[in-house]
Amino acid sequence: MKRTLLLALVSSMALLEPTPAQRDENRGGGFGGGEQNERIEPEDLEFSMGVAVIPDRETFEKLSYQGLDAGRDAYLAGIEFVKFIIDQPETDKAKVYFMNTKNYRGHPPYMSMVGLSRGGRGRPSGVRGALCYLPRLKAPNGESGLYIFDFQPRDSYTFEQIQSYYDTLISKAPLLKDKLAFHPLEGNLDQYREDKAKYEAAKLPVHLDADKRTKIAYLPLNPGESFGLLRILDDDLRPSPRDIVICKTLPNQMPRIAGVISAVRQTPLSHVNLRAIQDKVPNAYIDGALEQTTVNALVGKLVHYRVTPQGFSLREATKAEVDQHFAALRPASAQSPKRDLSITEFRPLKDIRFDQSASFGVKTTNLAAMHDFGFPEGTVPRGFGLPFYFYDTFMKYNKFDAMADELANDAELKKDRDALERALKKFRKTIEGGDMPDELYAALTKLQKSFPRNQSIRCRSSTNNEDLPGFSGAGLYDSYTHKPDEGHLSNTIQQVFASLWNFRAFEEREFYRINHQATAMGVLLHPNFKGEKANGVAVTEDILYESQGFYYINTQIGEDLVTNPDEESSPEELLLGWYERDGSEIVRRSREATEGKSLLSEEHLAELRRHLGTIHAEFADLYDEDMEDLKFAMEIEFKITKDDRLSIKQARPWVF
């Protein structure tokens, strides 16, 4: 894939082309060369050069650098860090120079500039290191946001020295108290292992590279900001669009809300997060959220909630702020999704084109498109698409379209959410009990006979209001399985039709001013999977940890869905390299997995790697997207069938 080569080229050019900081370092002549200025005490530094004390997070942010220009310290690329120098370490005269790292990233030239001795060709008189902020990791106090300190990669210090530096840094940077850990680099690892018992006895926190994925306390699943009433989601609460909810467990379905805080680990592929993405509301996993004073003290109050890669913030808000926020969110004018009723018969997927989504829905046309990608037979299920014409004809025949108009235009009913939900439930029951016109009934009889007599048929919703670029619609509509003993196929088709009038879907369309009557339901039909060994969801970019060159994959054992997991579910999170040489990394293991093993075999991982590359490239072309655009990715749902075959059941654009 060309995007990998592009990223590698950009990175290598950045390393070859000297930055201002690197040019300064080169002029400094290493440890022995260059002129040394008169000494400037840290408390006398101008802020553009640095400070003697970091009192708070705001100051750290102003001093810090985060980007690819890390000079010789490649391990710092992409991490927020502030470099420092401890002068006269291990003495009561120790002072710290916290460098303004936005302006200066090389220690040697900086030391010359402030008049610090670099000790000729030997070790400098001070110690040089970096303070890094890792917002996702758990700090020693149990909250999210860990600071680590390390030194030059080849330097090695004893426990006693590290303890002294740790105490000095905290004394000069109060924000580090209870949030700081020592990070031994390769040169210090042997000494750390020798001193490990001393660290444990002194309870001096240590962060190892192996901890970066295991001690996560914060995950910004969907960055953003919002306003609303902070409430705890439980069985007795049905949240409103103006509620920011704290989830003790993850619900399978979520109505429109203003924001999510989950006290349990989520994955980016759950329906809760997909809903947050499509609604453009902040969503984060915050370990022990209800035990944190900044969260618990605001329950029941109007709040401003912000989620960023660097952490979350929560503060009390005014009603005026809340009202202004929601007034600005809704589109100014009505919207009507495309609906083409010119196709009047069901068609095999192999005969449906990608550009016919206005007749069949994107879910159907995307699955149909994959039949042309050259996958082995059986990878993409064979089946049929039922066009919107069937839904439209059925609704008009029963005069349900008039009933839908009445519901959609009842302003008083829409002011009472409970009454609206009851009315929609009654309407769905009415649709399920409607009469299928003879013409459509005969067509569905023929369609049903296209499947083997004892074959269960999966009937999946496929509307013109989901699986769209910028709007996934995940979880809004319902799919059903028609079993051989359930009579005529029309019974199940009408259940799918009725789901267009789910409360959560109606509320979503209402918020975005989408014409309810222009929305239409198609149905994707294919053989139902039974007894699968595993199912999963994959995205053709690492959309959570943002590792370049990797796919992000969630897998569940058996029939438990990744998007709608059971409360006791234990999904596997895995990063799969775009290329075989990059291998894979299990970020979070499933309790169901054999120790040290993935839920997916090496053969399935290799096959998935090939197919994901093809899907990304082919759909980038179909959607007329730049394949190297980091804001384009495809999300797929897959299964490992009972006969141990990889089957792909859905593909849609990932909503960034």
Side-chain angles (χ1 to χ4, degrees), residues 337-353 356-365 367-368 381-408 424 426-453 455-466 476-502 505 515-528:
K338 293 180 180 179
R339 179 165 72 161
D340 182 355
L341 303 177
S342 63
I343 298 177
T344 60
E345 76 282 354
F346 69 84
R347 291 183 180 178
L349 291 177
K350 64 182 180 62
D351 295 335
I352 296 174
R353 301 194 312 268
Q356 292 176 327
S357 60
S359 293
F360 290 95
V362 176
K363 187 181 294 182
T364 297
T365 54
L367 193 68
R382 297 287 178 181
F384 300 88
L386 202 69
F388 298 152
Y389 171 82
F390 277 64
Y391 170 81
D392 184 72
T393 302
F394 168 80
M395 293 292 284
K396 288 177 179 175
Y397 178 82
N398 289 277
K399 295 184 171 53
F400 293 155
D401 57 334
M403 296 173 64
D405 274 338
E406 187 177 345
L407 272 171
L424 288 169
K426 182 179 178 181
F427 187 40
R428 290 196 302 275
K429 286 292 183 183
T430 302
I431 292 173
E432 290 171 7
D435 295 324
M436 188 67 68
D438 291 343
E439 166 202 2
L440 304 187
Y441 190 90
L444 292 174
T445 300
K446 182 180 178 181
L447 176 54
Q448 188 170 359
K449 289 181 178 179
S450 300
F451 292 88
R453 181 183 297 272
Q455 174 67 59
S456 293
I457 305 170
R458 188 63 175 162
C459 303
R460 301 170 62 194
S461 60
S462 181
T463 74
N464 57 352
N465 193 222
E466 62 179 326
L476 292 183
Y477 309 105
D478 296 331
S479 300
Y480 297 89
T481 299
H482 185 83
K483 298 175 183 176
D485 61 356
E486 290 183 320
H488 198 267
L489 181 61
S490 60
N491 297 328
T492 303
I493 296 298
Q494 287 174 217
Q495 285 182 287
V496 180
F497 285 172
S499 76
L500 194 74
W501 299 94
N502 283 332
N515 185 341
H516 295 287
Q517 287 294 67
T519 305
M521 178 66 75
V523 185
L524 167 62
L525 303 97
H526 58 70
N528 185 51

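This chain uses plain numbering: 1 for the first residue, then up along the sequence.
Closest non-hydrogen pair, Lys483 versus Ser456, comes out as CA-OG, 3.9 Å. Across all non-hydrogen atoms, the minimal contact from Ser462 to Met521 is N-SD, 3.7 Å. The two atoms that bring His488 and Thr445 nearest to each other are NE2-OG1, 2.7 Å, heavy atoms only. Residue Phe497 comes nearest to Ile431 through the heavy atom pair CB-CG2, 4.3 Å, listed as atom of the first residue, atom of the second, then distance. Listed here is the closest heavy atom pair of Leu476 and Asn502: O-ND2, 3.0 Å. Of all heavy-atom pairs between Gln448 and Leu489, the closest is OE1-N, 2.9 Å.
Taken from CZ in Phe400 to CG in Asp435, the straight-line distance is 7.5 Å, to the nearest 0.5 Å. Note that the SG atom of Cys459 and the NE2 atom of His526 stand 9.0 Å from one another [nearest 0.5 Å]. Between atom OG of residue Ser357 and atom CD1 of residue Ile352 there is a gap of 11.0 Å, rounded to the nearest 0.5 Å. Rounded to the nearest 0.5 angstrom, Phe346 CZ and Thr364 OG1 are separated by 14.0 Å. One distance of note links CE of Met436 with CG of Asn491; it measures 8.5 Å at 0.5 Å rounding. How far CD of Gln455 is from NE2 of His482: 11.5 Å, rounded to the nearest 0.5 Å.
Remark: Glu406 CD is loosely packed, at most 12 non-hydrogen atoms of other residues, nucleotides or ligands lying under 6.0 Å away. Surrounding CG of Asp438 are at most 12 heavy atoms belonging to other residues, nucleotides or ligands under 6.0 Å away.
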Using the side chain to side chain contact (heavy atoms under 4.5 Å, CB included) rule, take Leu524 and Leu349 through it: C-alpha gap first, then chi angles, then the decisive distance, then the call. CA-CA 9 Å; Leu524 167 62; Leu349 291 177; 3.6 Å; yes
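Under a 3.5 Å cut-off, the side chain of Asn465 and the backbone N or O of Leu500 do not form any donor-acceptor pair. Checking side-chain atoms of Lys396 against main-chain N and O of Asp401 turns up no donor-acceptor pair under 3.5 Å. In this structure, Asp340 contributes its side chain and Ser359 its backbone to no donor-acceptor pair below 3.5 Å. The main-chain N or O of Ala404 is never found under 3.5 Å from a side-chain atom of Gln517 such that the two would form a donor-acceptor pair. Judged purely by atom type and a 3.5 angstrom limit, Ser461 has no side-chain atom pairing as donor or acceptor with the backbone of Val496. Proximity of a side-chain donor or acceptor of Asp392 to a complementary backbone N or O of Tyr389 within less than 3.5 Å is not detected. A donor-acceptor pair under 3.5 Å is absent between the side-chain atoms of Ser499 and the main chain of Tyr477, judged by distance alone.
Leu440 places none of its side-chain heavy atoms less than 4.5 Å from the side chain of Ile493. The shortest side-chain heavy-atom distance between Lys429 and Glu432 falls under the 4.5 Å cut-off.
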